[in-house]
Amino acid sequence: DGYFSSIFFFLYFVVFPDNMYLYNYALIVGCGPVLFSIFLFRMTLELHGIDRSITVFQHLEPAIAFWAIRVNGCPGYNTELLPPYIMLMMAFGVYLTYLLIYYIVVFVILFDRCTRKKNLTLYSHSVSGTGKCKKIIVKISGFLGTSEVGGWLVVVAFYNFALLFVGLLA
């Protein structure tokens with residue numbers, strides 16, 4: 001999720017700073033799901049651990065950068081806002097595209113490899129243990145009559161949709 005969003009941040013800041021649609025998408029995602037994933041994944045800033053520091057900064061930097069551009073009105077950057085419902089539909093449409101790509105790559109193409117090598121994916125992180133997230137996924141899977149993967153997809157889509165609303169407040 002963070003890497004996918006980083007592509008859009010890079011495109012806006014470096015390649016297309018005058019693109020209004022790219023700005024609106026990157027703003028709502030950078031100030032919504034990407035920023036709040038710091039709390040969701042319990043990321044901590046440990047100055048003695050470069051990998052943790054980079055991870056926290058990677059998720060915090062887009063929100064700070066977009067606020068700086070919006071508040072200071074940097075020349076050359078288009079900061080025109082679309083109506084909230086268009087921003088939300090656009091961001092959720094792009095996110096559903098990401099979720100489809102993620103599903104195909106992780107659950108269709110690389111599932112056996114990830115399972116064999118015990119690679120940690122967002123899915124395996126979410127369903128490991130007996131925490132609240134696991135319980136919610138199992139309940140939704142049972143309600144929908146799908147596998148655990150189906151319940152996980154619904155939970156992740158709902159979580160990001162809810163945080164896109166938070167991103168609208170930016």
Side-chain angles (χ1 to χ4, degrees), residues 1-43 54-111 121-127 133 136-137 140-141 143-144 146-170:
D1 192 21
Y3 295 115
F4 185 74
S5 301
S6 294
I7 293 168
F8 288 96
F9 301 147
F10 174 79
L11 287 174
Y12 175 71
F13 286 119
V14 178
V15 183
F16 304 110
D18 57 343
N19 189 314
M20 175 181 57
Y21 296 102
L22 199 52
Y23 169 73
N24 280 270
Y25 169 76
L27 173 72
I28 193 173
V29 171
C31 294
V34 172
L35 181 63
F36 280 86
S37 65
I38 294 172
F39 305 108
L40 177 71
F41 295 115
R42 298 183 191 127
M43 296 178 193
I54 288 173
T55 302
V56 170
F57 181 73
Q58 178 187 11
H59 288 80
L60 188 59
E61 177 270 329
I64 293 170
F66 282 108
W67 269 104
I69 287 174
R70 241 181 117 195
V71 170
N72 295 324
C74 297
Y77 286 92
N78 185 348
T79 58
E80 182 181 345
L81 292 175
L82 293 169
Y85 68 93
I86 292 177
M87 287 175 71
L88 194 60
M89 288 187 319
M90 179 180 59
F92 196 61
V94 171
Y95 184 74
L96 286 178
T97 304
Y98 158 74
L99 200 56
L100 178 65
I101 293 168
Y102 183 87
Y103 176 81
I104 291 169
V105 170
V106 172
F107 295 106
V108 177
I109 298 172
L110 298 177
F111 187 75
T121 62
L122 182 59
Y123 171 74
S124 61
H125 176 75
S126 302
V127 297
C133 187
I136 291 170
I137 290 170
I140 290 176
S141 300
F143 177 75
L144 295 175
T146 65
S147 67
E148 201 171 74
V149 173
W152 177 81
L153 289 170
V154 170
V155 168
V156 169
F158 178 76
Y159 160 78
N160 279 281
F161 188 68
L163 287 180
L164 289 173
F165 276 107
V166 173
L168 280 175
L169 300 175

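Here the closest non-hydrogen pair linking F9 and P62 is CE1-CG, 3.3 Å. N78 and Y12 get closest at one heavy-atom pair: O-OH, 3.0 Å. Of all heavy-atom pairs spanning N24 and L82, the tightest one is OD1-N, 2.9 Å. The two atoms that bring G30 and A63 nearest to each other are O-CB, 3.7 Å, heavy atoms only.
From I28, atom CD1 reaches atom CG of L81 across 10.0 Å, with rounding to the nearest 0.5 Å. Taken from CG in L27 to CZ in R70, the straight-line distance is 6.0 Å, to the nearest 0.5 Å.
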Worksheet entry | side-chain contact (heavy atoms from CB on, under 4.5 Å) assessment of V94 paired with Y25 | CA-CA 9 Å; V94 171; Y25 169 76; 3.4 Å; yes
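The side-chain contact (heavy atoms from CB on, under 4.5 Å) search around I101 returns T97, V105, not counting sequence neighbours. Residues passing the side-chain contact (heavy atoms from CB on, under 4.5 Å) test with P75, sequence neighbours excluded: none. For the side-chain contact (heavy atoms from CB on, under 4.5 Å) test, residues two or more places apart in sequence or in another chain that qualify with L100 are I104. For F13, the ring pair (Phe, Tyr, Trp, His ring centres under 6.0 Å) partners two or more places apart in sequence, or in a different chain, are F66.
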Please list every donor-acceptor pair under 3.5 Å in which a side-chain atom of residues 14-21 meets a protein atom from a residue at least two apart or in another chain.
| residue | atom | partner | partner atom | Å |
| --- | --- | --- | --- | --- |
| N19 | OD1 | Y21 | N | 2.9 |
| N19 | OD1 | L22 | N | 3.0 |

